[in-house]
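All remarks here apply to the structure that follows.
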Protein chains: 2
Amino acid sequence: MMRTLNSDKPKRSACSRPSPEPKKSSSTKKEVLEKLDRYLKSQGLKQSSIRIDIVEAILSMRGHFSVAELTDKIHNSSPQVGAATIYRNIPTLIEAGVLQETLKTDNGQAYYETADDDHHDHIVCTDCGRIFEFHEKTIEKEQERITKQMHFETQAHRHVIYASCSYKK
Amino acid sequence: MMRTLNSDKPKRSACSRPSPEPKKSSSTKKEVLEKLDRYLKSQGLKQSSIRIDIVEAILSMRGHFSVAELTDKIHNSSPQVGAATIYRNIPTLIEAGVLQETLKTDNGQAYYETADDDHHDHIVCTDCGRIFEFHEKTIEKEQERITKQMHFETQAHRHVIYASCSYKK
DNA sequence: ATGAATGCAAAGGTTTTGCACCCCC
DNA sequence: GGGGGTGCAAAACCTTTGCATTCAT
């Protein structure tokens, strides 16, 4: 029975398209940590060595990653960090502008990426599950026009295209 | 602490915008049941009174609904139907062209609507959580253009705008 | 009669929460 | 020292699955 979109985990091997380029980091690690520091101070929150560990793991990730993948990375250097701590830090780091949510898979798992300024949306390969990015100003503008016309104030959007890689086989 | 998009269930009362119009049913109940019948026969599957109950409940729903809401509706007339049966029927009914998935909320709950031919995307009100629809050919075309240009074959897409209703308060 | 459909309960996977303890400011 | 931060385990949540039973054809 066919399932909905990407609820079956596709195998990486099903797709021979080259992986997306790792994004060129627009900010240095130092800048990110300073931004975090400013945010924490502004909110009366505290630095903690574990929070720094988590941020460093995030900065070392390439592309888009799940919490499970992030957890593995963190456990490389700090095996004792609990999953709950990572989950509890996610909203904080999003608020701080360090992290952003990419998309949710149909099975409910969230994917994240390091926050950056250039907005983009995503194409998920239905063969291999990898996530690619696209930029399209026209769509952004149309979106804004529609929302205004319908008397809403845009807060955010998620635009995910599911498509199969033509390089297949 | 602010959470991601619609992970907090907003209260209906937070938004005074009129509800979306119930969609004018493009097919009669009879037509839908015939379509289902054709699909089931083609797949060697069976009719069952419970499956018909589920379809009738779907057709009686207005707008967009979660499995929980659908289950409640079904239980009005057939209280004994188990949740597993409803979940197991969903992929079948999607395949049959009776049902389609609208979106997943950030907390992982799926929303559905009756299948129809006119494609549209969705605006979720960040005040009240209600789901509205928009149609925009320009966006569809751009999307197709980008996907082709990147050498993918489009399978599907999900485009959800999160926006607050200006009629608020 | 044969295989699909169902109910029940248990299991699954991801994320959240309660609580006692720890540590940053 | 006080309030945020953390670990652990349990709970929450939606959904899926195993198994014995029932039903459609």
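All chains are named by letter (A, B, ...) in the order of the sequence lines, taking the proteins before the strands, and each is independently numbered beginning at 1.
Side-chain to base pairing of A:R88 with D:dG7: one donor and one acceptor N or O lie within less than 3.5 Å of each other.
With hydrogens and angles left out, the side-chain atoms of B:H157 and B:D121 include a donor and acceptor closer than 3.5 Å.
Between A:S48 and A:V67, the residue anchored closer to the 5' end of DNA chain C is A:V67, taking for each the nucleotide with the nearest heavy atom. The residue among B:G108 and B:S49 whose nearest nucleotide of DNA chain D lies closer to the 5′ end is B:G108. Taking for each of B:K46 and B:N89 the nucleotide of DNA chain C with the nearest heavy atom, the 5'-most of the two is the partner of B:K46.
Of the listed nucleotides (D:dT15, D:dG4, C:dA4), D:dT15 has the atom at the smallest distance from the side chain of B:A110. Comparing D:dT6, C:dT15, C:dT6 against the side chain of A:Y87 picks out C:dT15 as the nearest.
The side-chain hydrogen bond (donor to acceptor under 3.5 Å, both in side chains) test with A:E56 singles out one residue from A:R51, A:K29, A:K73, and that residue is A:K29.
Contact annotation: B:T85 side-chain N/O to C:dG7 OP1/OP2 distance is under 4.0 Å.
Using a 30° and 60° split on the angle between ring planes, B:F65 and B:Y112 fall in the tilted class, from 30° to 60°.
At its two ends the helix from C:dA1-D:dT25 to C:dC25-D:dG1 runs along axes set 30° apart, each axis drawn from five pairs and the angle rounded to 10°.
In this entry the distance linking CD1 of A:I90 with P of C:dT17 reads 14 Å, nearest Å. Here D:dT6 presents its C1' atom at 10 Å from CD of A:Q80, a figure rounded to the nearest Å. Rounded to an integer number of Å, the gap from B:N107 CG to C:dT17 P is 12 Å.
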